[in-house]
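Here is the structure we will look at, set down as structure tokens.
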Amino acid sequence: MALYSEKVMDHFRNPRNVGFIPDADGVGEVGNAKCGDIMKMYLKIEDDTITDVKFETFGCGSAIASSSMATELIKGRSVSEAMALTNQAVAEALDGLPDYKMHCSVLAEEAIQKALEDYYSRRDQTKSE
Ligand code: FES
């Protein structure tokens, strides 16, 4: 069996939603200290729905494929659905990752959660102003 699924290779070669959103409502950046890879997610949120999402990933192929798949999984979804996205769901949607590459999908889960936390804290700040 090939080490990487066709889906992983597809999302690595043609990543979806690469880039940044200048007026994002939430931004989350995470990194893995061991491998040094970095992932940044930008969210645009309207009426509790993720209307746009983009990412910048400086990392391995699995991290790029995971970011790409994660953006596809949360686009058009509610904030709570995005918050509930797990790295396992990302890996499953990619038809699996090798065990030693599972940590790459964790970055995607963490980056989205951090971007949503940023969204919530900005919203709370606006409310209290
Ligand atoms: Fe670090 Fe993939 S090797 S995210």
Side-chain angles (χ1 to χ4, degrees):
M1 197 189 110
L3 187 55
Y4 293 109
S5 72
E6 275 178 32
K7 273 195 192 165
V8 172
M9 293 311 295
D10 176 34
H11 279 263
F12 167 56
R13 292 196 180 112
N14 307 295
R16 288 34 155 203
N17 306 307
V18 176
F20 73 104
I21 301 175
D23 59 342
D25 299 305
V27 180
E29 182 175 328
V30 292
N32 182 299
K34 271 195 191 153
C35 65
D37 291 354
I38 295 169
M39 192 181 291
K40 199 165 178 179
M41 288 274 176
Y42 302 84
L43 303 176
K44 198 79 198 142
I45 298 170
E46 279 165 46
D47 295 332
D48 201 47
T49 300
I50 315 278
T51 55
D52 199 11
V53 49
K54 295 246 186 290
F55 77 89
E56 294 172 313
T57 292
F58 301 93
C60 72
S62 299
I64 291 167
S66 295
S67 331
S68 171
M69 181 54 88
T71 60
E72 294 265 277
L73 290 173
I74 64 165
K75 208 172 189 174
R77 297 298 180 91
S78 70
V79 167
S80 55
E81 282 174 315
M83 197 57 135
L85 183 74
T86 62
N87 78 297
Q88 282 94 344
V90 174
E92 271 169 32
L94 286 168
D95 289 339
L97 283 169
D99 282 351
Y100 71 98
K101 284 286 177 181
M102 280 305 280
H103 78 271
C104 316
S105 63
V106 172
L107 278 185
E109 176 188 322
E110 289 178 349
I112 288 170
Q113 286 186 357
K114 213 159 173 192
L116 288 168
E117 281 164 22
D118 182 43
Y119 163 68
Y120 280 125
S121 72
R122 289 187 201 197
R123 205 187 52 173
D124 293 347
Q125 242 171 23
T126 319
K127 268 189 200 161
S128 62
E129 276 167 9

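First listed ligand is number 1; within each ligand, the first listed atom is number 1.
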Within ligand 1, which atoms have a heavy atom of [X] less than 4.0 Å away?
X      : result
Cys60  : 2 (Fe), 3 (S), 4 (S)
His103 : 1 (Fe), 2 (Fe), 3 (S), 4 (S)
Ala63  : 4 (S)
Cys35  : 1 (Fe), 3 (S), 4 (S)

Answer with side chain, backbone, both or neither: which part of [X] has a heavy atom less than 4.0 angstrom from an atom of ligand 1?
X      : result
Lys101 : side chain
Asp37  : side chain
Cys104 : both

> Quick one: does Arg13's side chain have a donor or acceptor within less than 3.5 Å of a partner on His11's backbone?
Replying inline: no
> What's the spacing between Ile21 CD1 and Thr51 OG1 if we round to 0.5 Å?
Replying inline: 7.5 Å
>> For the CG atom of Leu73 and the CD atom of Glu109, what is their distance to the nearest 0.5 Å?
In response: 12.0 Å
>> Can a side-chain donor-acceptor contact be found between Ser5 and Asp95 if the only test is distance below 3.5 angstrom?
In response: no
> Under a 4.0 Å N-O cut-off, is there an ion pair linking Asp118 with Lys114?
Replying inline: no
>> So is Lys34 touching ligand 1 or not, going by heavy atoms under 4.0 Å?
In response: no
> Under a heavy-atom criterion of less than 4.0 Å, does Leu107 contact ligand 1?
Replying inline: yes
>> Could you tell me if the side chain of Lys40 sits less than 4.5 Å from the side chain of Phe58, heavy atoms only?
In response: no
>> Under the salt bridge (Lys or Arg N to Asp or Glu O under 4.0 Å) test against Asp52, which residue among Lys44, Arg77, Lys75 passes?
In response: Lys75
